[in-house]
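Order of the sequence lines fixes the chain letters, A, B, ..., with proteins taken first and strands second; residue numbering starts at 1 for each chain.
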Amino acid sequence: MSHTYKPEQIELEAQRYWEQKRCFNVTEDDSKEKYYCLSMFPYPSGQLHMGHVRNYSIGDVLSRYMRMQGKNVMQPMGWDAFGLPAENAAMKHQVAPAKWTRENINYMREQLKRLGFGYDWDREVTTCDADYYRWEQWLFTRLYKKGVVYKKNAVVNWDPVDQTVLANEQVIDGRGWRSGALVERKEIPQWFLKITDYAEELLQGLDQLDGWPEQVRTMQKNWIGRSEGAEITFQIAESSEKLKVFTTRPDTLMGVTYVAVAAEHPLSLAMAENNPALQQFIAEAKVMSTAEADMETMEKKGMDIGLKAIHPISGEQVPVYTANFVLMGYGEGAVMSVPAHDQRDFEFAGKYGLDIKQVIAPADGADHVDVDNVDVEKVDVENVDVEKVNVEKVDLDEKAFTGKGVLVNSAQFDGLTSLQAQSEIPQALEKIGRGNKRIQYRLRDWGVSRQRYWGAPIPIINCPQCGAVAVPETDLPVKLPEDVIITGEGSPLKNMPEFYQCQCPECGADAERETDTFDTFMESSWYYARYCSPGCDSAMLDDRAKYWAPVDQYVGGIEHAILHLLYARFYHRLMRDEGLISGDEPFKNLLTQGMVLKDGAKMSKSKGNTVDPQGIIDQYGADTARLFMMYAAPPEQSLEWSDSGVEGQYKFLKRLWKTVTAHIDSLRSEGDANVVLDAAALDKDGKKLRHKLHQTISSVNDDIGRRHTFNTAIAKVRELLNMMEKMSHSLQQSEQGRALRHNVLESVLLMLSPIVPHITHQLWLDMGNDTAIVNELWPQVDASALLEDTIQYVLQVNGKLRDKIEVAADADKQSIEKLALEAEGVMRNISGKSVRKVIVVPNKLVNIVAN
RNA sequence: GCCGCUGUGGUGAAAUUGGUAGACACGCUGGUUUUAGGUACCAGUAUCUCACGAUGUCCCAGUUCGAGUCUGGGCAGCGGCACCA
């Protein structure tokens with residue numbers, strides 16, 4: 001036993017112990033409650049960053065804590081190994097993505113081990129291994145046969161100079177990051193998964209996810225975006241063509257003054273043939289990123305294409321515009337426009353001098369209608385007095401009136417409320433075959449094709465005769481060739497006939513393999529399930545997955561709140577429908593961890609504000625790094641990095657070491673190895689300390705297990721140690737005092753062991769235990785130690801703190817009131833006033849209202 | 001632009017169910033030990049005020065005996081927006 005804290009030595013020793021004893025390698029065991037704790041696996045970028053350390057510290061603390069609750073805990077780790085950065089590194093360093101990625105994995109695995117995370121490494125998953133992605137390919141071919149997968153044209157960012165498809169991230173201010181060329185929108189055929197078929201189920205499922213943060217559920221709900229509306233068909237006056245639109249506001253149909261189509265809409269393209277100005281407009285609309293944020297903030301532009309659309313009810317002819325904000329890929333690629341009641345349409349109409357026709361009047365029935373403050377939700381559209389609707393009160397000079405109300409200027413629909421009109425207008429349309437009610441989701445099908453090399457090959461063969469044919473199960477996996485050179489100009493697979501040349505599995509004719517690869521979200525959508533079936537080479541999953549599913553606790557960054565988590569929920573259902581896994585949801589509880597910041601900004605290489613965890617580990621050890629991460633902020637909040645904060649945690653561990661070793665020395669010199677703590681024999685201080693101990697155990701248990709506020713858990717342990725420190729002299733005097741100190745220190749080590757497992761491992765042994773702390777259970781609370789004789793009451797006069805009193809725990813309300821009114825601070829503040837009311841909050845405070 | 005979150009001392013934060021604002025730390029100031037620096041230990045530390053006391057949780061209104069916490073409206077920062085992972 002050393003008298004100075006030497007983290008490196010004890011940490012490596014503890015880690016060796018866990019590995020040799022296989023402490024974290026688990027199997028299915030029906031005699032214990034299972035607990036599957038999962039942290040989002042990292043992209044192997046080269047080194048761990050602080051965000052990883054934080055994420056995995058949280059997961060590890062929860063895992064170790066649950067072990068101490070006697071559960072069968074499984075905590076796996078793996079690598080989200082496909083992705084764009086490997087291709088960038090390949091270009092920069094002239095190294096194949098596979099080699100670069102695998103070297104990174106080997107380095108980062110050692111870093112994780114050095115941090116002491118309790119993973120079952122036998123379950124490690126690496127998504128770029130064919131053993132993994134073959135099952136993803138297999139599922140895709142099954143889904144293709146089932147019709148869940150289909151191919152359609154979709155828009156990508158096209159770099160005309162590098163002749164390559166760019167990710168949104170690679171488009172900077174509308175230009176390609178390498179070439180600087182203006183990026184164009186280009187339509188190419190791509191594969192899609194019909195997530196929209198599951199939209200309703202994914203929406204409904206959110207209600208059951210009460211272990212998820214409310215904000216994440218709200219975000220997903222908004223993302224799925226269920227809306228009820230109508231599909232409406234407009235006839236083109238000049239031809240037999242029809243134009244279909246979807247609207248959430250069919251009640252405003254009579255206010256349509258134009259319709260707008262996407263630049264790439266067939267009508268727009270057809271009219272452009274003899275219209276150079278329109279050609280020019282379409283060409284300009286093409287130069288633009290595909291990111292939604294860019295489209296929403298760009299200048300809204302349009303142009304009359306020279307056609308008229310016939311209003312399905314009024315028969316009126318309205319102009320057809322093409323507009324850069326209408327997207328071919330969304331809905332029908334066309335929208336009906338009601339400038340009076342839609343803000344975007346209003347602005348567009350103002351810009352191009354289009355008619356604005358009011359058809360909705362505010363329906364609050366009041367004499368004065370303050371348009372700015374009409375709250376759609378609060379207007380009682382059912383019981384409106386139509387006589388009182390005042391059309392003139394709506395000021396449409398400044399902005400649109402987007403609220404609901406009563407229909408005006410709407411011919412036979414006049415006087416209907418918006419709500420009534422939303423069913424009656426679609427009904428009227430249905431009778432004449434011009435439309436119907438429809439439920440629309442904002443959610444779009446999941447495009448999974450990527451025109452990139454470093455991803456799982458899409459298992460499809462394109463045959464000139466048979467079309468797209470799934471690769472037969474016996475031919476899987478379609479292995480990605482790993483020995484390649486990346487140039488940045490398209491995928492190398494396109495230049496590898498040995499990869500793409502093949503025969504059609506159906507007719508045997510010469511055919512070509514898909515050279516596109518899967519979106520990396522495909523791999524991250526089911527890795528949690530594969531961890532349950534390590535080594536299974538005959539199927540995607542086996543029955544072990546049914547034992548472990550669902551994940552009991554998922555921990556990861558808030559930035560994944562929508563995409564990754566929604567895709568995984570979808571994928572889980574796909575696997576469920578194949579009979580591969582049980583349950584509807586993959587993640588029972590979700591903890592979304594905040595970011596690690598430095599100087600108020602997210603740590604990133606481009607900002608140059610990163611702190612390498614390795615340096616912290618080398619200087620202070622893993623326990624200090626973990627302790628700082630858990631102490632600096634609650635897990636869901638962002639965490640501000642602080643060098644001096646780290647130093648402070650190191651200081652605490654040094655102090656803990658010193659306190660325990662001093663105690664052990666005393667144990668030896670006093671010869672009280674076998675003294676048993678007798679709670680009844682303690683003096684006043686001793687009883688107070690023991691009370692604090694059990695209060696702390698109970699409270700820390702709640703903080704870690706239920707609230708996940710590790711920062712307050714640590715603070716409470718420190719409070720306990722501070723109190724013990726203050727009593728150190730009196731504790732040292734008696735045998736029972738030293739026994740109590742022994743008891744407190746053992747409990748402290750147990751409570752801290754999930755957070756700082758190495759130092760507690762060593763000190764636990766040094767204190768004379770012959771078991772490892774990793775196998776110990778959480779300390780028991782003695783309820784009798786929590787009882788108190790008196791309770792402190794806070795006394796307020798008119799809500800202001802004036803005094804405090806100690807009251808017997810069993811005092812009744814009347815005697816508490818009496819004591820309160822007699823208290824000096826209260827008397828001083830109520831003199832000359834009469835007491836109007838006395839409020840007694842049990843076990844807390846008394847508020848005296850006086851004036 | 002749309003969706004979601006956050007806002008408390010010099011700093012990170014705490015206040016769990018509407019009930020003592022600032023626990024626990026970092027930093028700073030002073031002291032003890034030390035030749036010195038560092039370490040360790042002790043004391044102080046929201047603001048104003050000599051003090052009594054008053055004020056104080058981004059801003060403005062409201063509900064309440066009582067609001068950091070609830071409601072309405074604003075401002076600022078952050079995350080996501082479908083090809084970064």
field: ring-ring contact (aromatic ring centres under 6.0 Å, His included) between Phe628(A) and Trp641(A), intermediate numbers included
entry: CA-CA 9 Å; Phe628(A) 174 73; Trp641(A) 180 262; 5.0 Å; yes

message: Between Tyr132(A) and Tyr527(A), does the ring-ring contact (aromatic ring centres under 6.0 Å, His included) criterion hold? Intermediate values first, please.
response: CA-CA 9 Å; Tyr132(A) 181 79; Tyr527(A) 75 111; 8.1 Å; no

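Across all strands shown, Val165(A) has heavy atoms under 4.0 Å from base atoms, whether or not it also approaches the sugar-phosphate. Within the 4.0 angstrom heavy-atom criterion, only backbone atoms of the sugar-phosphate kind lie near Ala632(A); the bases stay farther away. If you check every strand for non-hydrogen atoms under 4.0 Å, Tyr631(A) touches a base. At the heavy-atom level, Leu443(A) lies under 4.0 Å from base atoms of the strands shown. Backbone-only contact: Gln215(A) has heavy atoms under 4.0 Å from sugar-phosphate atoms and none from a base. Nucleic acid contact for Thr297(A): base, since at least one base atom lies under 4.0 Å from a heavy atom of the residue. At the heavy-atom level, Trp446(A) lies nowhere under 4.0 Å from the strands shown. Residue-level contact check: His564(A) touches neither bases nor backbone, having no heavy atom under 4.0 Å from any strand. Using a 4.0 Å heavy-atom criterion, one finds that Val156(A) contacts the bases of the nucleic acid, with or without backbone contacts as well. Among the atoms of the strands shown, none is found under 4.0 Å from any heavy atom of Gln220(A). Within 4.0 Å (heavy atoms only), Gln170(A) reaches no atom of the nucleic acid at all. Residue contacts for Met298(A): at a heavy-atom cut-off of 4.0 Å it reaches no nucleic acid atom on any strand shown. Residue contacts shown for Arg802(A) are limited to sugar-phosphate atoms, with no base heavy atom under 4.0 Å away.
The interatomic distance linking Leu653(A) (CG) with C26(B) (P) rounds to 12 Å, in whole Å.
Side-chain atoms of Val183(A) and Trp158(A), non-hydrogen and from C-beta on, never get closer than 4.5 Å to each other.
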- request: Encode nucleotides 14-21 of chain B as B, S and - characters from 5' to 3', where the letter depends on protein heavy atoms closer than 4.0 Å: B to the base, S only to sugar-phosphate, - to neither.
  value: SSB--BB-

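Between Ser642(A) and the phosphate of U11(B), there is no side-chain N or O to OP1/OP2 separation shorter than 4.0 Å.
G22(B) and G72(B): their P atoms are spaced 29 Å apart (whole Å). If you take atom C1' in A76(B) and the same atom in C58(B), they sit 8 Å apart, rounded to whole Å. When the P atom is compared between A51(B) and G74(B), the two are found 43 Å apart, to the nearest whole Å. If you take atom C1' in G18(B) and the same atom in C28(B), they sit 36 Å apart, rounded to whole Å. Atom C1' of U11(B) sits at a distance of 13 Å from the matching atom of A46(B), rounded to the whole Å.
Here Phe192(A) pairs with Tyr150(A), Lys152(A), Ala154(A), Gln190(A), Asp445(A) under the side-chain contact (heavy atoms from CB on, under 4.5 Å) rule; sequence neighbours left out.
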